[in-house]
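Down below is the structure, laid out as structure tokens.
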Protein chains: 4
Amino acid sequence: MKNLKYFDKKEAIFQAMLELISKYGFHSSPMSEVAKQANVAAGTIYHYFKSKDELICALYIRLREKFVDNLFKTDDSTKPFKERFRHFYLQMIQEAIKNPKEFYFLEQFSNSPFVTNIPKANLQALDQPMYDFLRKAVFTQVLKDIPPKILVAFVIGSATSIIKLQLSGEFKMTSSDLELAFFACWDGIRKG
Amino acid sequence: MKNLKYFDKKEAIFQAMLELISKYGFHSSPMSEVAKQANVAAGTIYHYFKSKDELICALYIRLREKFVDNLFKTDDSTKPFKERFRHFYLQMIQEAIKNPKEFYFLEQFSNSPFVTNIPKANLQALDQPMYDFLRKAVFTQVLKDIPPKILVAFVIGSATSIIKLQLSGEFKMTSSDLELAFFACWDGIRKG
Amino acid sequence: MKNLKYFDKKEAIFQAMLELISKYGFHSSPMSEVAKQANVAAGTIYHYFKSKDELICALYIRLREKFVDNLFKTDDSTKPFKERFRHFYLQMIQEAIKNPKEFYFLEQFSNSPFVTNIPKANLQALDQPMYDFLRKAVFTQVLKDIPPKILVAFVIGSATSIIKLQLSGEFKMTSSDLELAFFACWDGIRKG
Amino acid sequence: MKNLKYFDKKEAIFQAMLELISKYGFHSSPMSEVAKQANVAAGTIYHYFKSKDELICALYIRLREKFVDNLFKTDDSTKPFKERFRHFYLQMIQEAIKNPKEFYFLEQFSNSPFVTNIPKANLQALDQPMYDFLRKAVFTQVLKDIPPKILVAFVIGSATSIIKLQLSGEFKMTSSDLELAFFACWDGIRKG
DNA sequence: AATGAATGAGTGTTCATTCAT
DNA sequence: AATGAATGAACACTCATTCAT
């Protein structure tokens, strides 16, 4: 019971912060507003988090993990790599589009000086599954012999950009557009 | 003389703001600090800009224009498209790496809610040259028949991501790595 | 058992408060910290004391009583007054030096507006033994005919100041220094 | 003009802080109240002082200097030492009684952990004139051969205590009482 | 009796902006 | 045009105290 309550509040705080930051940005999301939106007293937030910064960082790690986990949850390693990659790539785009708040928060955070508060090792760990996924495919000669870091950057970067395009509302992406995007990426990295 | 001074101050303010924001972020770059760094009184900034927001937006537009202009300044339209694109792509990466402050500022800005202060039409206008560049190549069947918006997103997104990889310091890119990156992008979008 | 426990907790709270205030002062000694240091829940403190102020006042009275009691515990009324006074004076200094936390707390308290929370009558009562001690000596013409209040102030004040000198660490008092201090005080008040 | 205004505000802030702290203590003297009492905006205080602590420390040093200066302003070094000392001792008591706020502030400060914020050397410097005054008298064999530190502690301590007695209101000191106090001190330290 | 999560008023401080000079 | 002292609303955060368990 106690635990239930505990998690409820922590969760509510996370959710409120996410909502506010994704809409108004870091510095237009005062703790008082977070408290209000989470139905919690201002002081309560400080039982769960040492500071605003820490709350934001914790939220980032949490969402990042969830996001990456999601990409591989439905990965079927018995399938051919191309199919697995297609699933991965489209999943990434669709997940982000379904959760724009989380996507905006993550992008905003990782493009701000905030990100330096998180040790590099931790950041790397978050991306590890993606490195492993692509590195193996390089090893088995399915993908071009490109350093995995570059590979990951290329794939994530292109997907991210396409997500932003869709979320910006200035371009309504059909499923065949998504297919085109996938092929652009795939042709860019596949061997031969 | 007067004019010179005038431009000097405005310029100094821009420069100071760029420096501070790229290092500390929007909300850790107080106007008083900008003033100090620009060797100008706090009040003086308000002769040139209506508000902090306006200053930041003006800086964004300015840097964005400069950045895109740069990409095409050395474009040689008599060359084959592949070569022109290669130049464009590598130029983009190298320019950003040479000007990390400007790059960080632009990324930070365009991933923050700030960006909504700028009318969409204006934002579009900034990217126009890139659309035109790629659209023509689709038309002449050099590139896959992908909607230009997607094409631009794909190209810019992958390049941006690679720039970040390099600037993060966790991967030292050689020129052959850059070549690999270019080919990944090129193979992704070229026809046939 | 129960009683033992009861006293243990109250004692632990007193001790924790003493420790914190003597080191950090009133307003840097939060109840939560007191609770932590006393190995007690924050709420528990409020079973024993109505408020922080009350706790602090209770602690003051307690330490003050203990301090004064101590001065006369080993008083031998059969001895000549000069000897008794010498014992009293040196005892005061040595006790304080042996218990710096208590001394600092007492000084801090009695020089703060807190002290007004304690009724004057109570404060007087605390000092009563000292008044009596010196008044008698005035009466028997061993001491100058000075109003006892002044006499007490003079004696306590000079001793207090010498204690602070020693505790400040800027002067290491030898036992012959103490003797000099005693004689200064004694020569100041003795008759003839 | 500018300077006049400047000092006016700084002075008003000092005065307001003194008033509040002497009455309510450090932690019941919020900056907002200081601002109000000084007829100044809260932010203005921070143009003159980096923090509340710094303001308080600056005030301490200021008052301390003023207090000690005062003691020697009317010293006549041609007079016999006894007379000079009498003047010094009574002046100290009378000054304090005439300026109870300053006295309370100084006592409160110097008995709080605040005092450790001020480098020991600075504190010593404040007392220097008193050391010199008494040390010389030891040297010329007017006073007992007691270490000057102890001498100063003895004199200041007894006077301080007598001041508190008077200010507490529980004893109304006549001028002949003062004379008694002086002689107590004098007989304590004079040679022979 | 004992807990400690929760409260929310209150604190010190910052900072975009103004305006008299 | 230029200054920078002054403003005061807004902020992150603290902490004495309460109360359901």
Side-chain angles (χ1 to χ4, degrees), chain A residues 1-3 5-6 8-10 27-36 39-55, chain B residues 2-3 5-6 9-10 27-36 39-56, chain C residues 2-3 5-6 9-10 26-36 39-56, chain D residues 1-3 5-6 8-10 26-36 39-55:
Chain A
M1 253 112 294
K2 222 181 206 171
N3 270 340
K5 228 175 175 175
Y6 174 87
D8 280 348
K9 296 229 159 135
K10 197 168 180 176
H27 80 291
S28 299
S29 302
M31 293 299 258
S32 56
E33 211 55 41
V34 174
K36 206 176 291 174
N39 263 314
V40 140
T44 302
I45 302 178
Y46 292 87
H47 274 292
Y48 297 99
F49 306 96
K50 264 218 283 282
S51 67
K52 187 179 182 183
D53 273 32
E54 210 193 75
L55 161 53
Chain B
K2 223 181 195 173
N3 270 340
K5 226 176 174 179
Y6 175 89
K9 294 224 162 146
K10 196 166 181 179
H27 78 294
S28 299
S29 302
M31 294 297 260
S32 58
E33 210 57 38
V34 173
K36 205 176 291 173
N39 266 314
V40 140
T44 303
I45 301 179
Y46 290 84
H47 279 294
Y48 297 98
F49 305 96
K50 259 218 291 279
S51 68
K52 188 181 184 184
D53 274 32
E54 209 193 76
L55 160 54
I56 291 174
Chain C
K2 222 182 195 173
N3 270 340
K5 225 176 174 178
Y6 174 89
K9 295 225 161 146
K10 197 166 179 178
F26 299 123
H27 78 293
S28 299
S29 301
M31 293 297 259
S32 58
E33 209 56 39
V34 174
K36 206 177 289 171
N39 265 314
V40 140
T44 303
I45 301 179
Y46 289 85
H47 280 294
Y48 297 99
F49 305 97
K50 260 217 290 281
S51 69
K52 188 182 183 184
D53 273 31
E54 207 193 76
L55 160 53
I56 291 175
Chain D
M1 247 116 293
K2 221 182 204 169
N3 270 340
K5 227 175 177 177
Y6 173 89
D8 280 349
K9 296 231 159 139
K10 198 169 180 178
F26 298 123
H27 79 293
S28 299
S29 303
M31 294 299 259
S32 55
E33 211 54 41
V34 175
K36 206 175 292 172
N39 264 314
V40 140
T44 302
I45 301 178
Y46 291 86
H47 272 295
Y48 296 99
F49 306 96
K50 263 218 283 286
S51 66
K52 186 181 183 182
D53 273 33
E54 211 193 75
L55 160 54

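The basis for the numbers below is simple: all heavy atoms, side chains too, and nothing from hydrogens, waters or symmetry mates.
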query = Between the base of E:dA6 and the side chain of A:H47, is there any donor-acceptor pair under 3.5 Å?
reply =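 Present.
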Let me know the distance between [atom1] of [X] and [atom2] of [N], rounded to the nearest Å.
X	N	atom1	atom2	value
D:F49	E:dT14	CZ	P	15 Å
D:D53	E:dT11	CG	P	16 Å
A:D8	E:dA6	CG	P	10 Å
A:K52	F:dA10	NZ	C1'	11 Å
C:N39	E:dG4	CG	C1'	14 Å
B:H27	E:dC15	NE2	P	9 Å
A:I45	F:dT14	CD1	P	12 Å

ask   = Side chain of B:K9: nearest nucleotide among F:dA6, F:dC13, F:dT3?
value =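 Selected nucleotide (nearest to the side chain): F:dT3.
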ask   = Taking the side chain of D:M31 as heavy atoms from C-beta outward, which of F:dT17, E:dT13, E:dA1 is closest to it?
value =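 Taking heavy atoms from C-beta onward, the closest nucleotide is E:dT13.
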query = Between C:T44 and B:Y46, which is nearer to the 5' end of DNA chain E once each is assigned its nearest nucleotide?
reply =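 Its nearest nucleotide lies further toward 5', so the answer is C:T44.
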Closest-nucleotide 5' rank along DNA chain E - winner of B:P30 and A:V40 =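 Here A:V40 is the residue nearer the 5' end.
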ask   = For E:dA20, which nucleotide in any strand shown is its Watson-Crick or wobble partner with both distances under 3.5 Å?
value =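 Its partner is F:dT3.
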inquiry  = Please determine whether a side-chain nitrogen or oxygen atom of B:Y48 lies at a distance below 4.0 Å from atom OP1 or OP2 of F:dA2.
reply    =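 Checking F:dA2 against B:Y48, a side-chain N or O does come within under 4.0 Å of OP1 or OP2.
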